[in-house]
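Have a look at the structure below before the remarks.
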Protein chains: 2
Amino acid sequence: MRSYDAVDLSLLTALAEDPRATIAALAERLRLSRNTVHARLTRLEESGAFLAFDRRINPAALGHPLTAFLEVTVRQRELPAIVDRLAEIPEVVQAYGHSGAADLRVHVVCRDTDHLFRIDAAILAIDGVERTETSLSMGELIPYRIQPLIEAARRNL
Amino acid sequence: MRSYDAVDLSLLTALAEDPRATIAALAERLRLSRNTVHARLTRLEESGAFLAFDRRINPAALGHPLTAFLEVTVRQRELPAIVDRLAEIPEVVQAYGHSGAADLRVHVVCRDTDHLFRIDAAILAIDGVERTETSLSMGELIPYRIQPLIEAARRNL
DNA sequence: GGCTGGCTGAGCACTCTGCTCAACGTGTGG
DNA sequence: CCACACGTTGAGCAGAGTGCTCAGCCAGCC
């Protein structure tokens, strides 16, 4: 993956500030030509700078304001089948393979604690799942942010 | 927060498929009038349906391909000051308050395991941090997705 | 010096936007 | 049943934006 230069980083920052900014607006703001902005955006998209739009959709807006993480211990040989079953649960929004004591970290969203309880039970009911350890998120103390990384990258140019 | 109807959900899905789609294109695709799409998008934005664009920026593209989670135990009276210090570390992309044994869950991104080690050390050096338990993410087995929730919401209309 | 890649401004045909407007349909309350 | 409010629609308009091509320029490289 090629590294990004100052133009790339400025584009990312400008988009963070106005995700639906037009190419013309970005060009004006960054004092570049339209063609450059267009070409650079295309390259950023093609190089995988942008993750899926799903990440910007607020689960709370869909009626699932609670976030919880489950560390799931499984029979490892059955991991692929377990992941398939987890993927069938809509409230499971993400799952990572894990290096710690548990085998999986599962990120779920839910309506309330009763709902979480039922999702937990559904996960525990999956064949091969041995145990789960659930922790409820009590609020985003540092909201997700990438700009400090971009600033750091800019300083290291 | 008002609940969303079929039009809202369709818009979210259409945007997930093409985040930079124009209002005209969305209107054509969803068979709505431009004015309706414009009004609905405005309402979605105003109602908090969209989270920050930072979430779409790929840390790997910025040279930080590794993701790790730290469960951090702290002296609780010093939590606010600790959060301030954590926010000064660019590689800390998110931090949650926690309901489990630890007090904080910190999401960090890093270049490699050496880098992670140094970030862990920087966090442990913060006054009031008692211990951390770090686990390295070994890959996104279920990539972040919200569409199943949207489909479930659509079925429950 | 020649070549390549990237950036630029100009130009053009086409598309899009923001807004207003009148009309229509639906739901609600009296 | 009627009045009202709300939401959606298509039309219209002026202005903005886009995708693409083109020629020129500059910097870096061989």
Side-chain angles (χ1 to χ4, degrees), chain A residues 1-54 56-58 60-63 149-157, chain B residues 1-54 56-58 60-63 149-157:
Chain A
M1 181 159 319
R2 73 176 188 87
S3 60
Y4 291 151
D5 65 8
V7 169
D8 296 314
L9 300 176
S10 296
L11 266 173
L12 292 175
T13 298
L15 277 172
E17 289 170 15
D18 184 0
R20 284 187 73 79
T22 63
I23 287 178
L26 292 167
E28 182 174 345
R29 175 207 175 100
L30 302 184
R31 301 194 198 293
L32 296 168
S33 91
R34 283 205 291 113
N35 294 317
T36 300
V37 172
H38 188 270
R40 288 310 196 99
L41 268 187
T42 301
R43 271 165 56 182
L44 282 170
E45 283 169 11
E46 284 168 356
S47 70
F50 301 118
L51 301 169
F53 187 86
D54 275 29
R56 285 199 59 209
I57 299 176
N58 188 356
L62 292 166
L149 265 195
I150 291 178
E151 291 311 314
R154 188 173 278 130
R155 285 194 293 274
N156 292 338
L157 285 177
Chain B
M1 178 157 322
R2 72 175 190 88
S3 60
Y4 291 152
D5 65 7
V7 169
D8 296 315
L9 301 176
S10 296
L11 266 172
L12 292 175
T13 298
L15 278 172
E17 289 169 16
D18 184 1
R20 283 186 72 82
T22 63
I23 287 177
L26 291 167
E28 181 173 347
R29 174 209 176 99
L30 303 183
R31 302 194 198 294
L32 296 169
S33 92
R34 282 205 291 112
N35 293 317
T36 300
V37 171
H38 188 270
R40 288 308 196 100
L41 268 187
T42 301
R43 274 166 52 183
L44 281 170
E45 282 169 11
E46 285 169 354
S47 70
F50 301 118
L51 301 170
F53 187 86
D54 275 30
R56 286 199 59 209
I57 299 176
N58 189 355
L62 293 165
L149 266 195
I150 291 178
E151 290 311 314
R154 188 174 278 132
R155 285 195 293 274
N156 292 339
L157 284 179

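In what follows, chains carry the letters A, B, and so on, assigned in the order in which the sequence lines appear, proteins first and then strands, with residues in each chain numbered from 1.
Closest of all the heavy-atom pairs between A14(A) and L26(A) is CB-CD2, 3.6 Å. Closest approach of I150(B) and L12(B) over heavy atoms only: CD1-CB, 3.8 Å. The minimum heavy-atom distance linking R20(B) with L15(A) is given by the pair NH1-CD2, 3.6 Å.
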Might you list the N or O atoms of the protein lying below 3.5 Å from N or O atoms in nucleotides 16-23 of chain D, with each pair's distance?
| unit_1 | atom_1 | unit_2 | atom_2 | d |
| --- | --- | --- | --- | --- |
| dT18(D) | OP1 | I23(A) | N | 2.8 |
| dT18(D) | OP2 | I23(A) | N | 3.3 |
| dT18(D) | OP2 | A24(A) | N | 2.7 |
| dG19(D) | OP2 | H38(A) | NE2 | 3.0 |
| dG19(D) | N7 | R34(A) | NH1 | 3.2 |
| dG19(D) | O6 | R34(A) | NH2 | 2.8 |
| dC20(D) | N4 | N35(A) | OD1 | 3.3 |

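Checked against dT8(C), dG6(C), dT9(D), the side chain of T36(A) finds its nearest nucleotide in dT8(C).
One distance of note links CD1 of I23(B) with CG of N35(B); it measures 9.5 Å at 0.5 Å rounding. How far CG of L9(A) is from CG of L62(B): 6.5 Å, rounded to the nearest 0.5 Å.
Taking 4.0 Å as the cut-off between side-chain N and carboxylate O, R154(B) and E151(B) count as a salt-bridged pair.
For N156(A) (side chain) and A153(A) (main-chain N/O), no donor-acceptor pair under 3.5 Å exists by modelled atom type.
For the helix from dG1(C)-dC30(D) to dG30(C)-dC1(D), the angle separating the two terminal helix axes comes to 40°, with each axis derived from five pairs and the value rounded to 10°.
Following rounding to the nearest Å, R40(B) (CZ) and dG7(D) (P) show an atom-to-atom distance of 9 Å. Rounding to whole angstrom units, CZ of residue R31(B) and C1' of dT8(D) are separated by 17 Å.
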